[in-house]
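As the structure lists them, so they are numbered: ligands from 1, and atoms in each ligand from 1. The shown structure was predicted, so the numbers you read here are calculated from the model rather than taken from an experiment.
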Amino acid sequence: MTPLLSIASVSKEFSVGRRKVLALSEVSFDVAQGECLAIVGESGSGKSTIANLILGLYAPSGGSLSFKGEALPAKRSLRHRRAIQLVQQNPLSSLNPRRSIGASLRLALDVHAIGERSERNRRVGELLEEVGLPAGFASRSPAALSGGQRQRVAIARALACQSELVVLDEPTSALDVLVQARVLHLLEALRRKRGLTYIFITHDLSVVRNIADRVAVFEKGRLMEIAGTQAIFANPQHPYTRRLIGAVPVVGRDELALRDRILEQENGNA
Ligand code: ADP
Ligand code: MG
């Protein structure tokens with residue numbers, strides 16, 4: 001079956017003054033319709049760069065991207081902008097503080113001409129309810145919401161235009177553990193209900209275990225390893241992946257044993 005998203009030999013170079021920074025180096029992977037692919041790696045490994053390339057916010061320096069077998073040009077059509085949406089770590093940076101939440105959601109519906117005009121305000125209320133917020137929140141400003149509620153609004157906006165692929169860049173990293181668990185639960189329920197595909201970027205491997213079908217591990221702009229979540233945790237192939245897993249706070253005897261084995265190996269090799 002044609003993958004939903006295909007990334008072929010994609011590189012991205014930035015110029016910083018006279019210096020060149022290679023943020024991504026010949027990265028290739030596919031994302032299947034309906035899956036949740038986690039992208040993990042330390043800070044600076046290129047995770048947000050890949051998100052920006054998928055969103056069309058950056059053009060690749062080399063390689064190509066395709067969506068449903070169709071080349072994704074650097075300048076995106078409205079259709080592709082609608083199909084591929086972003087949820088960022090800090091929703092305050094993407095929600096206009098002067099606009100009510102309802103107005104922000106309504107704008108997304110207007111831009112993409114979703115539904116009849118006269119229906120759109122009702123649709124805003126339905127979207128809020130779909131992400132577990134009261135429809136009455138439409139009149140509130142983003143500043144009047146908690147971090148978790150704001151992230152729910154950002155998710156509602158990403159879903160407003162009937163997107164197919166949602167890139168989530170550290171969507172729960174700014175939230176405390178309990179709120180994080182609830183938002184992850186919501187994301188999982190939405191994925192099933194709407195048949196969405198997620199690219200879930202995080203540095204938090206305990207989140208990965210809860211939500212991802214597969215994991216792609218990045219280090220310094222390179223894709224080191226990509227495999228099923230179970231396989232990555234049970235049998236990490238790359239030393240970098242082993243180090244990452246060794247650094248996760250673990251629970252349960254098997255996981256502790258795995259961590260100890262990894263640490264032993266690391267120490268043995270040092
Ligand atoms: P991550 O999200 O994994 O922390 P990034 O994708 O943000 O990593 O960054 C990868 C590398 O690219 C880093 O070395 C970063 O400094 C560099 N980089 C990212 N964006 C830019 C930019 N707009 N201009 C210059 N360098 C950048
Ligand atoms: Mg980042």
Exercise. Atom 23 (N) of ligand 1: protein heavy atom closer than 4.0 Å?
Worked result: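 Yes, at least one protein heavy atom sits under 4.0 Å from atom 23 (N) of ligand 1.
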
Atom 10 (C) of ligand 1 protein-contacted, heavy-atom criterion under 4.0 angstrom: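 So far as the 4.0 Å threshold goes, atom 10 (C) of ligand 1 is in reach of a protein heavy atom.
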
Q: Say whether Phe14, considering both its backbone and side-chain N or O atoms, lies within less than 3.5 Å of an N or O atom on ligand 1.
A: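 N/O-N/O distance under 3.5 Å: no.
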
Shortest protein heavy-atom distance from [atom], along with the residue and atom involved:
atom	result
atom 12 (O) of ligand 1	Ala23 CB, 3.2 Å
atom 8 (O) of ligand 1	Gly46 N, 3.2 Å
atom 4 (O) of ligand 1	Gly44 N, 2.6 Å

Notebook entry, point to check: Under 3.5 Å, side chain of Ser104 to main-chain N/O of Leu95, donor-acceptor pair present?
Noted result: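 Side chain of Ser104 to backbone of Leu95, a donor-acceptor pair under 3.5 Å: no, none is there.
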
Heavy-atom proximity to atom 5 (P) of ligand 1, best of Ile39, Thr49, Asp169, Ile50: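 Among Ile39, Thr49, Asp169, Ile50, the closest heavy atom to atom 5 (P) of ligand 1 comes from Thr49.
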
> Nearest heavy atom to atom 17 (C) of ligand 1: which of Val40, Val21, Leu24 does it belong to?
Replying inline: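 Checking each option, the heavy atom nearest atom 17 (C) of ligand 1 is found in Val21.
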
- Would Arg214 and Glu35 satisfy side chain to side chain contact (heavy atoms under 4.5 Å, CB included), going step by step from the backbone distance to the final call? CA-CA 8 Å; Arg214 285 194 306 150; Glu35 80 167 323; 2.7 Å; yes

Side chain, backbone, both or neither: which part of Val16 comes within less than 4.0 Å of ligand 1 when only heavy atoms are counted?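 For Val16, the contact with ligand 1 is made by the side chain alone.
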
Does even one non-hydrogen atom of [X] get within less than 4.0 Å of ligand 1?
X	answer
Tyr58	yes
Ser43	yes
Glu42	yes

Within this structure, what is the CD-SG distance for the pair Glu188 and Cys36, rounded to the nearest 0.5 Å?
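One gets 7.0 Å once the value is rounded to the nearest 0.5 Å.
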
Checklist line | Glu70 and Arg79 ion-paired at < 4.0 Å | finding: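 Result for this pair is yes, salt bridge flagged.
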
Legend entry - Candidate pair Asp204 and Thr202, rule side chain to side chain donor-acceptor pair (under 3.5 Å), full reasoning: CA-CA 5 Å; Asp204 184 345; Thr202 180; 5.2 Å; no

Q.
Taking 4.0 angstrom as the limit and counting only heavy atoms of Ser48, give me the atoms of ligand 1 inside it, by number and element.
A.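 Those qualifying, in numeric order: 1 (P), 2 (O), 6 (O), 7 (O).
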
query = Which of these, Lys68, Gln33, Arg194, sits in a side chain to side chain donor-acceptor pair (under 3.5 Å) with Glu164?
reply =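 For Glu164, the side chain to side chain donor-acceptor pair (under 3.5 Å) check succeeds only for Lys68.
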
| message | side chain to side chain donor-acceptor pair (under 3.5 Å) for Glu13 and Ser61? Distances and angles first, verdict last. | response | CA-CA 6 Å; Glu13 193 175 64; Ser61 314; 5.6 Å; no

* To do: Report yes or no: does Thr49 have an N/O/S atom closer than 2.8 Å to the Mg ion (ligand 2)?
  =>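 Within the cut-off used here (under 2.8 Å), Thr49 places no N, O or S atom near the Mg ion (ligand 2).
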
Could you walk me through whether Glu170 and His203 satisfy the side chain to side chain donor-acceptor pair (under 3.5 Å) test, starting with their C-alpha distance in whole Å, then the side-chain angles of each, then the deciding distance to 0.1 Å, before giving a yes or no?
CA-CA 8 Å; Glu170 304 272 7; His203 65 272; 3.0 Å; yes

### Task
May I ask you to check if Lys12 and Phe14 form a cation-pi contact, with NZ or CZ under 6.0 angstrom from the six-membered ring centre and within 45° of the axis?
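Yes, a cation-pi geometry.
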
